[in-house]
Every structure is written in structure tokens, then in C-alpha cells.
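Counting begins at 1 with the first residue of the sequence.
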Amino acid sequence: MNYLKTAMLLALLTGIFLVLGALVGGKTGLVFAFFIALATNAFSLWKSDSVVLHMFNAQEVTDATAPELVGIVRDLARQAELPMPRVYIMNNPQPNAFATGRSPSHAAVCASTGLLESLDRRELSGVIAHELSHIKNRDTLTMAVAATIGGAVSMFAQYMQFGMIFGGNRDGDRGGLGMIGTLAAIIIAPMAAGLVQMAISRSREYQADRMGAMICGNPLWLASALHRIDGAARRIPNEEAEAIPAAAHMFIINPLNGHGVDNLFSTHPNVENRIAALEALAREMGVSSGNSGMTSAPGSAPRGGATGEVWIGGKNYTKPPSPWG
């Protein structure tokens, strides 16, 4: 049912793009928008992982540069019965993470330096397990397609405001909609595309939380991580994400919270509700709070670090690796 819902939402998002083209350029605009929709879908299918990772300046790490993080990903991927994904770190103070890729065999997991400095090993395992759940459920492809098309819709509407597409005022070709149709396309279509993106993300986060908790073995590890990083994300802006809001739904925590985005327009479900669901799952599994890691101290954060350095658990892995903790 979840896959059917996602397919319907993606179809609706593509439909919004087609309506946008028809409102602006009539039959010509409809045909043009159809081919643009096909191109954006195909592009996001094959290049979504590399594009997203490049947008956030993520750097790939290995056993030599980040042995503990790569080890955690490897162990959890084995538990999830997944191929080993590529592992990336983005130099960003906001604690966050995302997964991307068109399939489990072409996937990548990315964590921010802020996340690695804020969480202990158990909490980090919960976050990584959540991202691996998105890979296992093939959410990464769905979210990348939604981000690509949603971004294209917004960009298309912005161009329209300056008369850069289908110039002129040929009302006959627009089916008589004229200025009303153009205004509707400029204002309503991007809002509708954004709402669809939110629905896609919100319908998947609870499932990824639950499956991630099963993968790492303790729902309260992820609950503790969500509680910790949600508060930090609200205080620390993510400048890259603010510049690319169409990709916000890919993160485990809404990266736009740093600028106080209203919850009504959030790409993610309420964190308190997610934590409550994980706590309920812990009771079902018979997991006690004593084993949750809720009171464990995070790894000591470094006092600084130049761009391009890789810090994990208070240790700089641009230098020869040493044991974590």
C-alpha cells in the first residue's frame, strides 16, 4: 500500500508539471512539459546520488579515513541484508544525515560532521539504520525523483515571472486562460508540488524509523538521537539546504529548522510523534530504558576543524586512524 501511495504521489507531481506547461503554453506547453518531466525523471533515476552528494559537498570516506563510521555502516548493512553502500561525510555543523541512490546496489549514506560530533556510537547506529531502511525500501529513488521534479516546477514558475518561457500573450493557444492561468501556474503549482513532496516524506519516515529500530536492535537509540539532533538542528542553520529547499525531505531531520520554518510546511513528521512511536515499539520489543543510551554522553566534540577535515567522536581522521573512544 505504501508503494502504491508513493507511485500515486509521484504521478500527481508529474501531472502538476504537465498542467503548469499547459496553463502557460497550451498544447505546445503541455508537450514541452511532458518531455521535461521525462528528462527530469530519467536524470534523477541515473544521477540522483551524485547530484545530491555534490550539492552538499560530501566527501567519500573509507576504512582508512573513517574506520569507525564505515565499520558501523558495514555491520548494520549486513544486519539489514544490504550491499555495502558508499559512505560520505559533509562538513556541516548541523547534525543531520541522508541516504541517496537509485537502488540498494547504487546507494550512499552521508552524515554531517555535526552529527558525528553530537552523538554517541549507539545513537549514531540508530541514525545510520534509519538511512539504511530508506535504501532497503527504495525510498531514496522516490525522494530523489520528487526533489528533482519539485525543484523543476519551482524553477519553471520562477522563469515564468520574467517571461522567459513561451513569451507573448497568445491567449488562444492557452485555451483562453491568459493572465489567470499564468498566475495560477506561478502561485499554485509550486505550492502543490511542495505539498506532494511533504506527503511523500511524511509517509516514509515512520516506516524508516520502525525498520531502522529493528535493524539496530533498539528503538530507543534512534529515539535518543532524534531528540538530541532535533534541538540542535533548530539552532544551527544549514546554508546548503536553505539554498536547495526541494531536497530538504531527504534528511532525517528537517534541515530548514535552522531558520524556524513553520511546522505546517515541514517536510518531516513531528519529532515528538516519531519518538513516541519508537518508545511504543521499544515496549513491544521489551527493551528497557536502561539499555537505551538515553543518558549516555556524546563523543567529545572537537573545538575546531578546517574545511575538508574529517572528525569522528572527537578524533581527526584526516590523520592516521586511531580507535574510537
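Side-chain contact, N57 with N91: no donor N or O sits under 3.5 Å from an acceptor N or O. A donor and an acceptor atom, one from each side chain of H134 and Q207, are nowhere located under 3.5 Å apart.
Judged by distance alone, with hydrogens and angles left aside, the side-chain atoms of D230 form no donor-acceptor pair with the main-chain N or O of L226 at under 3.5 Å. With hydrogens and angles ignored, the 3.5 Å screen pairs no side-chain donor or acceptor of S224 with any backbone N or O of W221. Counting only distance, with no hydrogens or angles, the side chain of S112 and the backbone of Q94 share a donor-acceptor pair below 3.5 Å. S118 contributes a side-chain N or O that, together with a main-chain N or O of G114, makes up a donor-acceptor pair within less than 3.5 Å. In this structure, T140 contributes its side chain and A99 its backbone to no donor-acceptor pair below 3.5 Å.
Sequence neighbours left out, not one pair with a member in residues 66-91 passes ring pair (Phe, Tyr, Trp, His ring centres under 6.0 Å).
Annotation: the span from T100 atom OG1 to M55 atom CE amounts to 8.0 Å, rounded to 0.5 Å. Interatomic distance, OG of S125 versus CG of L69, reported as 10.0 Å (0.5 Å rounding). Interatomic distance, C216 SG to D75 CG, rounded to the nearest 0.5 Å: 12.5 Å. The CG atom of L30 lies 10.5 Å from the CZ atom of F35; values are rounded to the nearest 0.5 Å.
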Quiz item: Does the side-chain contact (heavy atoms from CB on, under 4.5 Å) test come out yes or no for H227 and L278, once each step is laid out?
Solution: CA-CA 11 Å; H227 175 75; L278 287 165; over 6 Å; no
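Counting heavy atoms from C-beta outward, V287 and P219 have side chains that approach closer than 4.5 Å.
Relative ring orientation between F98 and F56 is described as tilted, the plane-to-plane angle lying within the 30° to 60° band.
The 12-atom threshold is exceeded at CD of E284, counting heavy atoms of other residues, nucleotides or ligands nearer than 6.0 Å. Within 6.0 Å of atom CE in M214, 12 or fewer heavy atoms from other residues, nucleotides or ligands are found, so the atom counts as exposed in its surroundings.
Remark: P93 pairs with I236 by the side chain to side chain contact (heavy atoms under 4.5 Å, CB included) rule, at least two apart or across chains.
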